[in-house]
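Okay, so here's the structure we're looking at.
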Amino acid sequence: MSKGRTPMTSNSCYPLDALREEVSAQLRAAGIKEEDLRIEYPPPGIDAALAFPCFRLSQKEKKAPALIAQEIAEKIKIGVLGLLPVAQGPYVNFSINPEPYDRLTLACIDEKGAHYGGEEKNEKTIIIEYSSPNIAKPMSVGHLRTTIIGQVLKQLFRFLGYRAIGINHLGDWGTQFGKLIVAFRKWGDEERLQEAPINELLRIYVLFHQEAEKDPSLEEEGRKAFNDLEKGDAGAQKLWERFRNLTLDEIDRIYQAMGVDFEHVTGESFYEDKMQKVIDAIQAKGLSEESEGAQIVPLKEHGIKQPLLLKKRDGSSLYATRDLAAAVYRVETFHPAKILYVVGSEQKLHFQQFFKVLELLGYDPGLFVHVDFGLVNLPEGKMSTREGRVIFLESLIDEATTRAKQRLVEREFQGTPEELDQLARMVGISAIKYRDIYQPRNRSITFDWDEMLSTEGNSSVYIQYALVRMKGILRKGEVEAFIDPEAAKILVSPQEIALIRELSRFPEKVRLAAKEYEPFHVADSVYEICQAFSRFYKENPVLIASEPQRSARLTLVSATARVLENGMDILGIAKPEKM
RNA sequence: GCGCCAGUAGCUCAGUGGAUAGAGUGCUUGCCUCCGGAGCAAGAUGUCACAGGUUCAAAUCCUGUCUGGCGCGCCA
């Protein structure tokens, strides 16, 4: 840090925070009360970094807002990071004093390094449940969003100092396993199961449903088989275990390719022996009742019309029961500050119900968050594994890798075939991931190959390419991440200033992403940084510049690469050295 | 029928009650003697679904209508 010239009340050196504090202090000194202190960001056309609107005061004091702005501006003295504010209409606009602000930014990046944008370690635990594929089914692009968003959130919260625990809540329990057991006993092929387990399981599963249309008694048989399984029948148990292990081996390969990992892989079956306790607690509180032979928890009095189904007529469990057991187990085992459920928005009602029941059981409702997201549809309509209208994750990864490779060959990539393969995977898989985090989670997506694997504009490739150019410059400039804050006085071109400004915004965007559970804010900042860099790169030569520009620009490239890598690490975007 | 989500540029989408509503893509046009052009620059394109209301101020809040997606008892 450069000599503590900057007023800082927190231990954070983030420049935008410091500027905000400075501006707040100035406004307070000018007589603005705390409750009127609202600082906002002016729109892009306005040449200012922060603005204070005077409408509210105008109401209180019955004076024209422009007049108030004028008076406030006159009372304020020049700051350290900011210039003398100016009244523009009803606003008091605060502009940045580039040199000290940029010096602080560079110093902060230098000081924090790989932690720039992050926060100090805290003691809080956050649990993130994500991915959660079904055993015996291939992963389709439908599982992509939860897997990627969940993994990114985990990395994001770690970056912000949390202890983040990822849980893969496998769909390894439920009626479909009864069906699968019946199907395998009738039509299963041992050899095929060995060779391509998921394929074979999918085949007999689809077959089961076809046959069940002709012979509805199969459904009953399936339910009975699950009931056996739940009661601990040895034969059923053994088959189930095989299906589970074989599927997991296959799925693990995809996780590995995508850089996804979990602290715990505990499927629904894990909670099989933990459900009774919750059911007892619910009954003890008198929350449940019998209805049409099933056990339900009515929620009408609590604003939810549909009751939660606790137990089926035949006494076997439902997913809500297992989710309740899982929640209780996790709270007691990990004492988390939050549990995030990264699950599609079509399950919103389910989460409302089961969160409400937890609340009625005495748990803090603020503990549980459904991080929902929109569906992935195909142009032909809703995906359906049974009806064969589906794109498997494996084919998506293959296609992405193939396309990346093709492009690399076109561009005459220099390297061994192994390097080419590896790079193609880095580029291809990152492209897939980025598509799920560059926009908010909320919307449903219609799957489109070209859009999914885009390499232009706001895409992972654009970001990787920007990093590669930075690395290229640093390599040739023989600079090892050297950042000299004093470069701030030389970095005065519009592109240089704009780039540093963008770097200074990164921490705030990271924080916002965590607050809203929205990875896209990080992606957005990363993209803006790359765009600012590309503009800088175009107009400001680095290596061929003469001193002191050359060194100053090397510092800037170094700092930019640092921040960019922090962002890419959060997002799980691969960081190639060359491409 | 009820509930939730969405409707902003041709397409995919940002946008904290405040200033001239922004990106990407697509389209038109420039830019490789220069650190990698998967790039940069410029241009055109808007009834913010519609109708009311609240407010000094509404794409943003409220009500209603229309359109689309999802959900609503023994699947997850």
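In the text below, chain A, chain B and the rest are named by the order of the sequence lines, each starting its count at 1.
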[options]: which one has an atom nearest the side-chain heavy atoms of [X]?
X        : options             : value
A:Lys538 : B:G37, B:A23, B:G15 : B:G37
A:Asn442 : B:C2, B:A6, B:C40   : B:A6
A:Tyr41  : B:A19, B:G15, B:U16 : B:U16
A:Leu543 : B:C35, B:C2, B:A38  : B:C35
A:Leu375 : B:C70, B:C75, B:G24 : B:C70
A:Pro541 : B:C35, B:G37, B:C34 : B:C35
A:Glu268 : B:G39, B:A76, B:U12 : B:A76
A:Phe55  : B:C74, B:C56, B:C72 : B:C56
A:Ala294 : B:A23, B:A38, B:G73 : B:G73
A:Arg469 : B:C40, B:G39, B:A38 : B:G39

Considering only atom [atom1], compute the distance from [N] to [M] and round it to an integer number of Å.
N     : M     : atom1 : answer
B:A9  : B:A59 : C1'   : 14 Å
B:A23 : B:G46 : P     : 16 Å
B:C62 : B:U25 : C1'   : 36 Å
B:U60 : B:G17 : P     : 12 Å
B:U54 : B:G64 : C1'   : 15 Å
B:G43 : B:A51 : C1'   : 36 Å
B:C70 : B:C27 : P     : 32 Å
B:G1  : B:U20 : C1'   : 46 Å

If you look at every strand shown and take non-hydrogen atoms under 4.0 Å, does [X] touch a base, only sugar-phosphate, or nothing?
X        : value
A:Tyr465 : base
A:Pro44  : nothing
A:Asn93  : base
A:Thr455 : base
A:Ser291 : base
A:Arg223 : sugar-phosphate
A:Gln464 : nothing
A:Gly171 : nothing
A:Leu408 : base
A:Glu528 : nothing
A:Lys471 : nothing
A:Asn540 : base

Considering every strand shown, what is the Watson-Crick or G-U wobble mate of [N] when both distances are under 3.5 Å?
N     : value
B:C4  : B:G69
B:A14 : none
B:C35 : none
B:G43 : B:C27
B:C61 : B:G53

Are [X] and [Y] near enough that their ring centres are under 6.0 Å apart?
X        : Y        : result
A:Phe94  : A:Phe52  : no
A:His350 : A:Tyr319 : yes
A:Phe368 : A:Phe355 : yes
A:Phe354 : A:Tyr341 : yes
A:Trp173 : A:Tyr271 : no

Where do A:Lys311 and A:Leu318 come nearest, in terms of heavy atoms and distance?
C-CD1, 4.0 Å

Would you kindly give the [atom1]-to-[atom2] distance between [X] and [N], to the nearest whole Å?
X        : N     : atom1 : atom2 : result
A:Leu453 : B:U12 : CG    : P     : 18 Å
A:Ile39  : B:U16 : CD1   : P     : 18 Å
A:Tyr537 : B:C32 : OH    : C1'   : 11 Å
A:Phe208 : B:C75 : CZ    : P     : 12 Å
A:Leu349 : B:C4  : CG    : P     : 11 Å
A:Gln352 : B:C2  : CD    : C1'   : 13 Å
A:Glu40  : B:A19 : CD    : P     : 8 Å
A:Lys137 : B:A76 : NZ    : P     : 10 Å

On RNA chain B, does the nearest nucleotide to A:Ser454 precede the nearest nucleotide to A:Glu290 from the 5' side, or the other way round? Give the residue.
A:Ser454

Where each residue is assigned the nucleotide of RNA chain B containing its nearest heavy atom, which of A:Pro42 and A:Val468 is assigned the position nearer the 5′ end?
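Looking at the nearest nucleotide for each, A:Pro42 comes out on the 5' side.
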
[N] OP1/OP2 closer than 4.0 Å to side-chain N/O of [X]:
X        : N     : result
A:Gln439 : B:A23 : no
A:Thr175 : B:C75 : yes
A:Lys382 : B:G71 : yes
A:Arg443 : B:G7  : yes

Contact list for RNA chain B against residues 309-322 of chain A - heavy-atom distance below 4.0 Å
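Per residue number, the list reads A:Leu309, A:Lys312, A:Arg313, A:Leu318, A:Tyr319, A:Arg322.
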
Side chains of [X] and [Y]: do they bring a donor and an acceptor to under 3.5 Å?
X        : Y        : answer
A:Asn377 : A:Thr446 : no
A:Arg407 : A:Thr455 : no
A:Thr147 : A:Ser131 : yes
A:Ser217 : A:Glu221 : no
A:Arg469 : A:Ser534 : yes
A:Asn134 : A:His143 : no

What's the base orientation of B:C32: syn (chi within 90° of 0) or anti?
syn

